[in-house]
Amino acid sequence: MNRLDMLNRVLRRAQPWDMVIIGGGATGVGSAVDAASRGYEVLLLEQSDFGKGTSSRSTKLVHGGVRYLEQGNISLVMEALRERNILRQNAPHLVRDLAFVVPRYDWWEAPLYGVGLKVYDLLAGKHGIGRSQILTREETLARIPTVNREGLRGGVVYYDAQFDDARLLISLALTAADAGAVLLNYAPVTGLIKEADCSVAGVEAREIESGKDLRIRAKVVINATGPFCDNVRRLADPRVAPMIAPSQGVHLVLDRSFLPGDSAIIVPHTPDGRVMFAIPWNGHTLVGTTDTAIQEISLEPHPLPEEVDFILQTAGRYLHQVPARSDVLSVFVGIRPLVKSGRSASTAALSRDHTIRVDSSGLVSIAGGKWTTYRRMAEDCIDQAAARSRLPKRQVVTRQLSIHGFHQEPGRLGSLAAYGSDSVAVQEIVRDNPSMGEPLHPALPYCGAEVVWAVRAEMARTVEDVLARRTRALFLNARAASEMAARVAAIMAPELRQTNAWQLQQVNAFQQLARDYMMTGFPVKS
Ligand SMILES: Cc1cc2nc3c(=O)[nH]c(=O)nc-3n(C[C@H](O)[C@H](O)[C@H](O)COP(=O)(O)OP(=O)(O)OC[C@H]3O[C@@H](n4cnc5c(N)ncnc54)[C@H](O)[C@@H]3O)c2cc1C
């Protein structure tokens, strides 16, 4: 993906696009893949970087969702289990199977979770990854050596899958581009073009790097802006009733020593009725999450001190070594674009099913759902959008569509596994310039060649794009990421033909952002 080429294709186009998609998260980029692979002419506009919103801030599970099973949402669980399988098939370089252990401390937990997880196995049917099983105390300790041993009776193990959300997103953007879609980051939609009858006929957008205003016509406009959905709907009709009930979720990243094995821990019932995970992820331990209803939507939401304390306390109950604030390497927050039910007061109880709404202006808005079901959401959305704009009906092909970089044996690619078949090109950069193979920081597995590749092929424009979403440095270890910033800026500058002043500005901006991901300066519990 080359941004200048993408921009030129937008500027050169005289006739309306079949579809313009607003929003470069899982929903928007997934829809761009679906539309382009069916042969529709599609443009996607993202206000910041691809994945800057919720889609880089998830728990990173490709799962049916045991919690939704408990809520009795069988159809959502079955759909998600089907989609889990499709993703495992189409993106083996980005998705891996993961065992989850529910530690048991009470006698009733074996029958309760044992039976519940058998139902989960049954729902997965032929898409199952492995059978759930009751574990003895010894078997539980063999899988989770760091689990709290006091009162431990045993556990129950079941299987789901895990992925790297931002890497999947970039690979989906590349898949869409391979299929002919045009995608532009740093291009916020600022208004909608309306016909005399108030129907939406396109978008007004700003190209941030040049400051150019764009007027882009489309047969149908799709609003896939996640938590920002109602803002875009109000551009069409300021009186429209909101459909989103936003809720934020916090994750903490700890050292791998807190969970050194290959299995995750799941606590199906925290004291306040939530699900809590501790997951091995990219050589670290990811713990979370919370579910706090919020009013303000922002691209950089902040954790509440009580959310951080809640996660640390709950993790401390199940881990032998109790984590403290000083152990937190990174804290990140995402906003769930949950769709209002009109009844439920708690966002944890709101449905994760997706909703597609076509307003009287013809604007198609899609929200809700989960990362796991992004493909199905996209299929439904493009079906609706094509029907609404009377585009010729075309068969969906994404069930069998390999995601860019498809590779059957990613384990052979070492730290470049997530690039899949692109890892060859990343290694070529090292062959041309061996210094690009050196680690950028001793605490993280990233090298200079990945920075060059991110700029040349993945449309990274800023130091943050590289450190937050092309690599996951910011999310894994905010201090290390901050220390990498100057080197990353120095590698990017010649690639982007940028100046020393640009480097300085980028390093300052990134280091300021990274402070929000560190625990330093975070308010102490009162
Ligand atoms: C804490 C948490 C944990 C989660 N864990 C999981 C999980 O483990 N598994 C799972 O399956 N799901 C999970 N989810 C759900 C999943 O992450 C979301 O459903 C999904 O990422 C939403 O994607 P989206 O594209 O709809 O929204 P977003 O990713 O937020 O994308 C919307 C995009 O629209 C852009 N935008 C907004 N306004 C404009 C504009 N005017 N012009 C241009 N662009 C605009 C934004 O910048 C943003 O990039 C989790 C969610 C949260 C919050």
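In each ligand, atom 1 is the first atom listed, and ligand 1 is the first ligand listed.
Counting protein heavy atoms only, atom 16 (C) of ligand 1 is closest to Trp371 N, 3.6 Å. Looking only at protein heavy atoms, the nearest one to atom 41 (N) of ligand 1 is Val189 O, 3.1 Å. Nearest protein neighbour of atom 9 (N) of ligand 1, counting heavy atoms only, is Leu61 O, 2.8 Å. Of the protein's heavy atoms, Gly226 CA, 3.5 Å lies nearest to atom 27 (O) of ligand 1.
Salt bridge Arg167/Glu458: present, at least one basic N to carboxylate O contact under 4.0 Å. In this structure, Lys194 does not pair ionically with Glu204, as no charged nitrogen and carboxylate oxygen lie closer than 4.0 Å. With salt bridges taken as basic N to acidic carboxylate O contacts below 4.0 Å, none links Arg375 and Glu79.
Comparing Gly25, Ser55, Ala166, Gly28 by heavy-atom distance to atom 22 (C) of ligand 1, the nearest is Ser55. Taking all heavy atoms of Ser56, Ser48, Ser58 into account, the minimum distance to atom 50 (C) of ligand 1 is reached by Ser58. When the heavy atoms of Glu46, Lys52, Gln162 are ranked by distance to atom 35 (C) of ligand 1, first place goes to Glu46. Proximity annotation for atom 36 (N) of ligand 1: of Arg206, His63, Gln248, Gln47, Gln47 comes nearest, heavy atoms only. In this structure, of Lys370, Met377, Arg336, the residue bringing a heavy atom nearest to atom 51 (C) of ligand 1 is Arg336.
Near Gly249, with a cut-off below 4.0 Å to any heavy atom, the atoms of ligand 1 are 1 (C).
In this structure, Tyr517 and Phe475 have perpendicular ring planes: the angle between them is above 60°, well past the 30° mark. Aromatic ring orientation, Tyr158 versus Tyr120: perpendicular (interplanar angle above 60°, classes split at 30° and 60°).
In this structure, Arg3 fails the cation-pi test against Tyr186, since its NZ or CZ atom is not both closer than 6.0 Å to the six-membered ring centre and inside 45 degrees of the ring normal.
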